[in-house]
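What follows is one structure encoded as structure tokens, with my remarks underneath.
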Number of protein chains: 2
Amino acid sequence: MEGFSIFIVDDHQLFIEGLTALLKANNYTVTGFANSGSALFKVLEQQQPHLLLMDIGMKEMDGVEVSALVKKQYPAIKILIISMHAKRVYLEKLIEAGVEGYLLKSADDEELKLAIRCIAEGSTYFSPQVSDSIFQNMVTRNREPDVMLTPREKGIIKLLAEGMNTKEIADNLNISINTVESHRKNVLLKTGLKNVAHLIKWAFENGHL
Amino acid sequence: MEGFSIFIVDDHQLFIEGLTALLKANNYTVTGFANSGSALFKVLEQQQPHLLLMDIGMKEMDGVEVSALVKKQYPAIKILIISMHAKRVYLEKLIEAGVEGYLLKSADDEELKLAIRCIAEGSTYFSPQVSDSIFQNMVTRNREPDVMLTPREKGIIKLLAEGMNTKEIADNLNISINTVESHRKNVLLKTGLKNVAHLIKWAFENGHL
DNA sequence: CCTGATCTAACGGTTTTCCGGTAGCTATAA
DNA sequence: TTATAGCTACCGGAAAACCGTTAGATCAGG
């Protein structure tokens with residue numbers, strides 16, 4: 001494992017330091033860390049580690065975008081995602097981006113070492129829970145072909161979540177009530193959700209709020 | 001610091017092991033860990049550590065309840081909360097429960113060591129960001145006097161979030177439509193929210209979903 | 001230039017929510 | 001034993017959401 005450099009990306013300093021201590025105790029080489037995407041790219045200009053341990057928290061969907069960008073600019077760098085949860089939404093995009101592995105934070109250090117070994121050898125590692133999720137997704141994929149919301153629609157969802165009714169939203173955006181109803185209707189149509197309450201929950205779970 | 005035992009409670013095994021490695025590298029004594037509240041209490045019957053490092057994630061509000069229970073049954077055990085965010089909702093209850101400290105995961109190891117030292121010496125440590133949040137809370141406290149939902153109400157909110165309407169919920173719970181409407185009405189009344197969409201958002205932000 | 005996506009707007013009818021008030025039944029705590 | 005809290009249930013009217021459908025304007029990309 002000598003000569004295999006690991007770099008940690010996470011916005012939780014404590015987790016970085018814990019992970020670093022853990023890896024060093026197991027004779028891995030940790031060459032640094034970054035707290036944000038921009039910090040990471042600054043470092044990558046100077047040095048390219050072999051492996052990025054990338055944490056994906058709840059709030060920042062951008063961990064996904066960061067991964068995609070890294071893969072585009074530095075295809076040689078391997079990426080192992082360490083995430084809180086096995087959300088399909090993230091997974092799809094991450095696999096599309098070409099990450100080499102996906103671990104849950106509930107994994108233990110044995111699984112972490114296994115994942116790193118797999119990736120170092122040129123393979124991939126996706127934790128079982130996650131693989132199931134992927135497979136399930138493959139099967140049901142056709143039903144939900146990636147719902148994309150327009151900016152206007154996202155804006156209206158935000159206002160709906162604030163408790164505004166159609167008229168208030170119309171006033172707020174200086175458009176007709178009919179228009180707002182059209183948007184609301186379109187969103188429900190394209191997402192296949194039942195009503196606004198359902199929509200708000202969906203928006204939360206899919207990073208739109 | 002010799003003779004001061006630390007015990008970690010977290011449902012993320014990786015974080016536990018990272019933290020353990022970090023603490024051991026700094027010559028602290030880590031006597032064990034637990035992945036859940038129930039596991040913790042089983043261990044506490046056998047041994048009482050001096051300090052609990054308690055992680056509070058997003059989903060499990062129960063970290064708060066666990067802390068309260070520990071403090072009630074083992075007042076001598078100190079508790080240092082390590083949390084993802086500085087949510088007022090959690091903070092209030094944790095302080096009420098009597099925890100000795102509150103750290104964010106964005107803290108570094110220096111702050112962790114400082115917090116542990118403070119608590120070991122009989123003092124308390126609340127990270128600056130959190131203290132601000134507390135203070136801000138003191139000022140605005142009067143406006144939101146702690147809305148408590150009954151189990152039935154929580155159940156109905158969950159079903160509402162699934163997109164069910166009143167009739168479907170009534171069927172699902174085997175109660176009258178009128179009853180469901182009463183509950184929905186009461187919830188909106190006691191929370192002061194505008195409609196169900198607003199309610200779903202509120203429920204998400206306050207840990208009810 | 002044509003096409004597709006987006007934003008805008010409208011109408012009529014049905015269903016559901018929202019609001020207000022009222023009220024009985026049970027279990028539990030003061 | 002009173003309260004008090006929680007769950008249950010009902011009614012009627014106003015307001016809003018939901019549904020299906022149509023359609024003009026604009027603007028970016030092939």
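These numbers were taken from a predicted model, which means no experiment stands behind them. Residue numbering restarts at 1 for every chain, and letters A, B, ... go by the order of the sequence lines.
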| How close or far is atom P of C:dT6 from atom CG of A:N178, stated in whole angstroms? | 21 Å
| task | Would you indicate what A:T150 reaches in the nucleic acid, counting non-hydrogen atoms under 4.0 angstrom: base, sugar-phosphate, or nothing? | result | sugar-phosphate
| Are any of the side-chain nitrogens in B:K71 or B:E100 under 4.0 Å away from the carboxylate oxygens of its partner? | yes
| field | A:V70: which of A:L44, A:V9, A:V99 passes side-chain contact (heavy atoms from CB on, under 4.5 Å) | value | A:L44
| request: List in chain and number order the residues that pass salt bridge (charged side-chain N to carboxylate O under 4.0 Å, His left out) with B:K167, two or more places apart in sequence or in another chain; answer none if no residue qualifies. | output: B:D171
| message | What range of DNA chain D does chain A touch, first nucleotide to last, counting atoms under 4.0 Å from its heavy atoms? | response | D:dA16 to D:dT21
| Rounded to whole angstrom units, what separation is found between the CG atom of A:N186 and the P atom of C:dA9? | 14 Å
| message | Using a 4.0 Å heavy-atom cut-off, does B:S176 contact any base of the nucleic acid, only the sugar-phosphate backbone, or nothing at all? | response | sugar-phosphate
| note | Judged by nearest nucleotide, the residue sitting upstream toward the 5' end of DNA chain C, A:K190 or A:I175, is A:K190
| Would a 4.5 Å heavy-atom cut-off, applied to side chains only, mark B:F7 and B:V30 as touching? | no
| Distance in angstrom units between A:E153 CD and C:dT6 C1', rounded | 8 Å
| said: salt bridge (Lys or Arg N to Asp or Glu O under 4.0 Å), that's the test. Do B:K105 and A:D10 meet it? Break it down for me. | reply: CA-CA 10 Å; B:K105 278 196 180 169; A:D10 193 333; over 6 Å; no
| said: Does this structure show an ion pair linking A:E162 with B:K194, if we count only N-O contacts that are shorter than 4.0 Å? | reply: no
| request: Identify the heavy atoms of A:L193 and A:L199 that sit nearest to each other, and give their distance. | output: CD1-CA, 3.7 Å
| message | As an exercise, state the distance from CG of A:L52 to OH of A:Y74, rounded to the nearest 0.5 Å. | response | 10.5 Å
| query | To the nearest angstrom, how far is A:L189 atom CG from C:dT6 atom C1'? | reply | 15 Å
| query | Quick one: what's the B/S/- string for nucleotides 13-19 of chain C, heavy-atom cutoff under 4.0 Å, read 5' to 3'? | reply | ---SBBB
